Amino acid sequence: QVQFVESGGDLVHTGGSLRLSCVGVRSNLDYPVIGWFRQAPGQEREGVSCIRSSDGTTYYADSVKGRFAISKDNAKNTVYLQMNNLKPEDTDVYYCLAEERSGISAQSVCIMPEWYSNWGQGTQVTVSA
């Protein structure tokens with residue numbers, strides 16, 4: 001079952017910024033871990049950033065550290081991915097997904113996208129050189 005609806009993708013120039021949003025389809029964000037993932041055509045899906053709700057622990061892929069930031073707004077039932085200093089290699093379809101089982105770390109969720117199958121439609125980010 002799809003958990004989120006993603007939006008905010010766009011075409012930007014190298015060095016630009018975007019903020020992606022994913023709104024939960026249910027009335028709250030009470031998931032143990034929520035993450036952003038991305039996938040290019042013909043490539044494997046990769047975890048970009050994940051956040052654990054219990055303590056706010058975050059994980060970032062090495063390729064985005066210092067440039068991307070994940071955040072949650074429980075009142076708006078929305079998870080954000082602020083992306084700065086975008087590079088052409090950030091061009092991908094970006095997806096949001098939550099781990100519903102407790103006791104799993106943010107890093108584990110992010111590095112094992114193959115555990116999951118309930119992906120939404122995603123939002124396209126294209127960074128031009």
Side-chain angles (χ1 to χ4, degrees):
Q1 181 179 357
V2 172
Q3 300 165 313
F4 296 98
V5 177
E6 302 91 347
S7 64
D10 205 344
L11 170 63
V12 297
H13 293 296
T14 296
S17 296
L18 281 175
R19 188 176 76 162
L20 305 183
S21 301
C22 69
V23 179
V25 298
R26 69 183 199 189
S27 61
N28 61 69
L29 293 179
D30 292 339
Y31 298 103
V33 177
I34 301 174
W36 282 96
F37 301 80
R38 65 186 181 184
Q39 186 175 29
Q43 301 295 318
E44 293 188 352
R45 205 179 314 255
E46 68 166 332
V48 175
S49 180
C50 292
I51 183 168
R52 187 164 68 178
S53 299
S54 61
D55 59 5
T57 302
T58 56
Y59 167 86
Y60 293 94
D62 287 343
S63 58
V64 306
K65 281 181 181 177
R67 299 189 297 123
F68 290 11
I70 189 171
S71 62
K72 294 171 57 185
D73 186 334
N74 292 324
K76 295 184 178 180
N77 205 31
T78 301
V79 182
Y80 301 102
L81 185 68
Q82 177 67 43
M83 305 189 297
N84 299 324
N85 190 22
L86 283 161
K87 304 175 181 180
E89 52 263 43
D90 295 318
T91 295
D92 275 317
V93 179
Y94 285 71
Y95 303 87
C96 206
L97 184 134
E99 166 60 68
E100 302 194 30
R101 299 168 294 176
S102 60
I104 299 176
S105 69
Q107 179 175 345
S108 293
V109 173
C110 254
I111 66 175
M112 297 295 287
E114 58 266 35
W115 284 351
Y116 309 102
S117 60
N118 50 334
W119 302 100
Q121 290 191 330
T123 186
Q124 175 70 51
V125 172
T126 303
V127 185
S128 63

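This is a predicted model, so every value here is computed, not measured. One is the number of the first residue; the rest follow in order along the sequence.
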message: If I take atom OG from residue Ser108 and atom CD from residue Glu99, how far apart are they, to the nearest 0.5 angstrom?
response: 9.5 Å
- prompt: Which atom names give the shortest non-hydrogen contact between Leu20 and Val125, and what distance separates them?
  reply: CD2-CG2, 3.9 Å
field: Evaluation steps, side-chain contact (heavy atoms from CB on, under 4.5 Å), between Tyr80 and Asp73
entry: CA-CA 8 Å; Tyr80 301 102; Asp73 186 334; 3.8 Å; yes
task: Would you give the length of the straight line joining atom CD of Gln107 to atom OG1 of Thr58, rounded to the nearest 0.5 angstrom?
output: 11.0 Å
query: Which heavy atom in Arg101 sits nearest to a heavy atom in Tyr116, and how many Å separate them?
result: NH2-OH, 4.3 Å
message: Please tell me whether Val64 and Ile51 are part of a single hydrophobic cluster in this structure, the criterion being side-chain heavy atoms less than 4.5 Å apart.
response: yes
message: With a 6.0 Å cut-off on the ring centroids, do Phe4 and Tyr31 count as close?
response: yes
- request: Mind checking the CG-CZ spacing from Leu97 to Arg45? Nearest 0.5 Å is all I need.
  value: 8.5 Å
- prompt: Going by heavy atoms in the side chains, are His13 and Val127 under 4.5 Å from each other?
  reply: no
query: Does the side chain of Arg38 come within less than 4.5 Å of Val48's, by heavy atoms?
result: yes
- prompt: How close do Leu81 and Tyr94 get, heavy atom to heavy atom, and via which atoms?
  reply: CD2-CD2, 4.2 Å
message: Is there a side-chain contact between Asn74 and Asn28 in this structure, where contact means two heavy atoms from C-beta onward sitting under 4.5 Å apart?
response: no
query: For the residue pair Cys50 and Val33, what are the closest heavy atoms and their distance?
result: CB-CG1, 4.1 Å
task: Kindly indicate whether the side chain of Cys96, heavy atoms from C-beta on, has any atom under 4.5 Å from the side chain of Ile34.
output: yes
query: Between Trp119 and Phe37, does the ring centroid distance fall short of 6.0 Å?
result: yes
- prompt: Can you find a heavy atom in the side chain of Lys72 that is under 4.5 Å from one in the side chain of Thr78?
  reply: no
field: Residue pair Lys87, Asp90: steps toward the salt bridge (charged side-chain N to carboxylate O under 4.0 Å, His left out) verdict
entry: CA-CA 5 Å; Lys87 304 175 181 180; Asp90 295 318; over 6 Å; no
- line: dist Cys22:SG -> Tyr95:OH (nearest 0.5 Å) comes out at 13.5 Å
task: Applying side-chain contact (heavy atoms from CB on, under 4.5 Å), run through Thr126 and Val12 and close with a yes or a no.
output: CA-CA 6 Å; Thr126 303; Val12 297; over 6 Å; no
task: Please indicate whether Glu114 has more than 12 foreign heavy atoms, meaning atoms of other residues, nucleotides or ligands, lying under 6.0 Å from its CD.
output: yes
message: Any side-chain to backbone donor/acceptor pair from Thr14 onto Ser128? Under 3.5 Å, distance only.
response: yes
query: Do side-chain atoms of Asn85 reach the backbone of Arg67 as a donor and acceptor pair under 3.5 angstrom?
result: no
field: Least distance between heavy atoms, Thr123 atom then Gly9 atom
entry: OG1-N, 2.8 Å
query: Arg52 and Ser105: which non-hydrogen atoms are nearest, and at how many Å?
result: NH1-CA, 4.3 Å
query: Are any of the side-chain heavy atoms of Ile111 and Tyr59 separated by less than 4.5 Å?
result: yes
- prompt: Are there more than 12 heavy atoms of other residues, nucleotides or ligands under 6.0 Å from atom CD of Gln121?
  reply: no
- prompt: Would you say Trp36 and Glu6 make side-chain contact, with heavy atoms under 4.5 Å?
  reply: yes
query: Are any of the side-chain heavy atoms of Gln82 and Phe68 separated by less than 4.5 Å?
result: no
task: Compute whether any side-chain donor of one residue and acceptor of the other, for Ser17 and Asn84, lie under 3.5 angstrom apart.
output: yes
